[in-house]
Amino acid sequence: MRPENQSGVSQFLLQGLPIRPEEQGVFFALFLGMYLTTVLGNLLIILLIRLDARLHTPMYFFLSHLALTDVSFSSVTIPKMLVDMQTKYKSIPYTGCISQMYFFIVFTDLDSFLITSMAYDRYVAICHPLHYTTIMREELCALLVAVSWILSCASSLCHTLLLTRLSFCAANTIPHFFCDLAALLKLSCSDIFVNKLVMFTAGVVVITLPFVCILVSYGRIGATILRIPSSKGICKALSTCGSHLSVVSLYYGAIFGQYLFPTLSNFIDKDIIVALMYTVVTPMLNPFIYSLRNRDMKQALGKLFSRATFFSQ
């Protein structure tokens, strides 16, 4: 059976951003610039880690995968949003909407697992420095990334298969700029109890549990730092965690703001604003956080520019 016959609709209409027509041009240029900054900045991080041998460590291995995930994450939603800002009819085919939702969930979950893996890396580096190279072997790092991909794809596939069983009847306008799972469930005229149950369960496994693991890791890190006698050692330990803590705050702050505190705002645009935070702003800021606060990244960037200047002469 074709998807459009089972769902009752062949396409959805995306309501898009709550922007006045006269402001479309300004916001289009703004979001286009932010998207290009996200793509170029994260690709630059991947390039630096690839070229500089000093960055061939577990922390930067996870960072390179996080950068790739951020590029993919933004590319799932932002290009379509930019196209819709320049067109009158903001439609998306049923299969295209389901595909966008699938990849959006994949990269959202993957971000969470990768950030958790990076927290574990920092925990081992600070709490067990003498055993760091033994514990954080290349095989373990590859396994953590592989498991992150498997869990993310499995979670997204589960949501997608359950969604394709629903009927949408006549309602097909999504009050969002992309195919958000929660918004799609509100449009369905079928029983969505199982979908909501799976959504809650997956949220606990994919978002809440990793966040708890991060809190435990940094609790142990904090206890270890307090036992360091010298202030220089404390500053060095904190500097290795500063960038990661900034990324954790941005990512989980936006997620929890949308899903755990839905009544904080009474206006309908709140979900859109929060979604823009973790689909546009956070992926764009990550390269700046890791490049401006990290001495190794700044040295690798300077080395790359010096090499480029030498070959251009």
Under the salt bridge (charged side-chain N to carboxylate O under 4.0 Å, His left out) rule, collect the residues that match up with Glu138, sequence neighbours excluded.
none

Between Ile46 and Ala67 the two heavy atoms that sit nearest each other are CG1-CB, 3.8 Å

Atom CG in Leu55, atom CD1 in Ile49: separation rounded to 0.5 Å?
6.0 Å

Is the shortest side-chain heavy-atom distance between Ile272 and Phe178 below 4.5 Å?
no

Side chain proximity check, His244 to Val248, heavy atoms < 4.5 angstrom
yes

Given side chains that start at C-beta, do those of Phe177 and Met81 come closer than 4.5 Å, heavy atoms only?
yes

Do Leu47 and Leu40 belong together in a cluster built from hydrophobic side chains that touch within less than 4.5 Å?
no

Please test His65 against Tyr60 for side-chain hydrogen bond (donor to acceptor under 3.5 Å, both in side chains), starting from the C-alpha separation and ending with a verdict.
CA-CA 9 Å; His65 283 274; Tyr60 294 108; over 6 Å; no

Once disulfide (SG to SG under 2.5 Å) is applied, what residue pairs with a partner in residues 86-115 remain, sequence neighbours excluded?
Cys97-Cys179

Verify the neighbour count for atom OH of Tyr132: are there more than 12 heavy atoms of other residues, nucleotides or ligands below 6.0 Å?
yes

Minimum-distance pair of heavy atoms, taken over all atoms of Ile126 and Thr224
O-CG2, 3.7 Å

Same apolar cluster: Leu17 and Leu30, side chain cutoff 4.5 Å:
yes

Begin with the C-alpha distance, continue with both residues' side-chain angles, and end with the deciding distance and a verdict on side-chain contact (heavy atoms from CB on, under 4.5 Å) for Val206 and Leu151.
CA-CA 8 Å; Val206 173; Leu151 292 178; over 6 Å; no

Roughly how far, to the nearest 0.5 Å, is CG of Asp111 from CG of Asn286?
7.5 Å

Kindly determine whether Val145 and Phe113 satisfy side-chain contact (heavy atoms from CB on, under 4.5 Å), including the steps that lead there.
CA-CA 8 Å; Val145 171; Phe113 289 127; over 6 Å; no

Contacts of Asp109 that satisfy side-chain hydrogen bond (donor to acceptor under 3.5 Å, both in side chains) - sequence neighbours left out:
Ser155

Where do Pro79 and Ser75 come nearest, in terms of heavy atoms and distance?
CD-O, 3.3 Å

Kindly say whether Leu144 contributes a backbone atom to a donor-acceptor pair with the side chain of Ser148 at under 3.5 angstrom?
yes

Test side chain to side chain contact (heavy atoms under 4.5 Å, CB included) applied to Leu157 - qualifying residues, sequence neighbours left out
Tyr102, Leu161

What pairs meet the disulfide (SG to SG under 2.5 Å) rule with one or both residues in residues 110-150, with sequence neighbours excluded?
none

Taking Ser91 for the side chain and Phe12 for the main chain, is one N or O donor matched with an acceptor at less than 3.5 Å?
no

Would you find a donor on one side and an acceptor on the other, under 3.5 Å apart, between the side chain of His176 and the backbone of Leu14?
no

Return the CZ to OG distance between Phe103 and Ser152, rounded to the nearest 0.5 Å.
12.5 Å

Cluster check Leu43, Met284: I/L/V/M/F/W/Y, side chain < 4.5 angstrom
yes

For Asn172, side-chain hydrogen bond (donor to acceptor under 3.5 Å, both in side chains) partners two or more places apart:
none

Please list all pairs passing the ring-ring contact (aromatic ring centres under 6.0 Å, His included) test where one or both residues lie in residues 19-38, with sequence neighbours left out.
none

Is Phe168 linked to Leu162 within one hydrophobic cluster, defined over Ile, Leu, Val, Met, Phe, Trp and Tyr using a side-chain heavy-atom separation of less than 4.5 Å?
no

Give, for atom CE of Met118 and atom OG of Ser217, the distance between the pair rounded to the nearest 0.5 Å.
12.5 Å

Please identify each residue that fulfils salt bridge (charged side-chain N to carboxylate O under 4.0 Å, His left out) with Arg137, with sequence neighbours left out.
Glu139

Any salt bridge (Lys or Arg N to Asp or Glu O under 4.0 Å) pairs touching residues 33-52, not counting sequence neighbours?
Asp52-Arg54

Starting from the C-alpha separation in whole Å, work towards a yes-or-no answer on side-chain contact (heavy atoms from CB on, under 4.5 Å) for Met101 and Leu184.
CA-CA 9 Å; Met101 185 206 72; Leu184 286 169; 4.0 Å; yes

Compute the centroid of each ring, for Tyr123 and then for Tyr218, and state whether the two points are separated by less than 6.0 Å.
no

Considering all heavy atoms of both residues, which atom of Leu66 and which atom of Val247 are nearest to each other, and what is their separation?
CD2-CG1, 4.4 Å

Residues two or more places apart in sequence or in another chain: which of them pass side chain to side chain contact (heavy atoms under 4.5 Å, CB included) with Ser99?
none

So do Asn195 and Leu166 actually touch side chain to side chain, heavy atoms under 4.5 Å?
yes

Ile207 versus Tyr252, closest heavy-atom pair with distance:
O-CE2, 3.7 Å

May I ask you to test the Met136-Phe62 pair for a side-chain heavy-atom distance under 4.5 Å?
yes

Any side-chain heavy atom of Ile221 within less than 4.5 Å of one from Cys241?
yes

Taking side chain as C-beta onward, heavy atoms only, is Leu185 less than 4.5 Å from Met199?
yes

Could you check if a side-chain atom of Ile92 sits within less than 4.5 angstrom of a side-chain atom of Lys80, using non-hydrogen atoms only?
yes

Hey, what do you get for OG (Ser112) to OH (Tyr251), rounding to the nearest 0.5 Å?
4.5 Å

Kindly work out whether a path of hydrophobic side-chain contacts (I/L/V/M/F/W/Y, heavy atoms less than 4.5 Å apart) joins Val194 to Ile105.
no

Take Val280 and Thr38 through the test side-chain contact (heavy atoms from CB on, under 4.5 Å) and record every step on the way to the result.
CA-CA 8 Å; Val280 181; Thr38 298; 5.7 Å; no

Closest non-hydrogen contact found for Phe107 with Thr69 is O-CG2, 3.6 Å

With sequence neighbours excluded, tell me which residues meet disulfide bond (SG atoms under 2.5 Å apart) with Cys158.
none

With rounding to the nearest 0.5 Å, note down the distance linking CG in Leu209 to CD1 in Ile214.
11.5 Å

Kindly state each residue pair satisfying disulfide (SG to SG under 2.5 Å) with at least one member in residues 53-90, sequence neighbours excluded.
none

Using ring pair (Phe, Tyr, Trp, His ring centres under 6.0 Å), reason through Phe104 and Phe73 one step at a time and then give a plain yes or no.
CA-CA 6 Å; Phe104 179 82; Phe73 187 37; 5.3 Å; yes

So, the side chain of Gln24 versus the backbone of Gln86: is there a donor-acceptor pair under 3.5 Å, distance only?
no

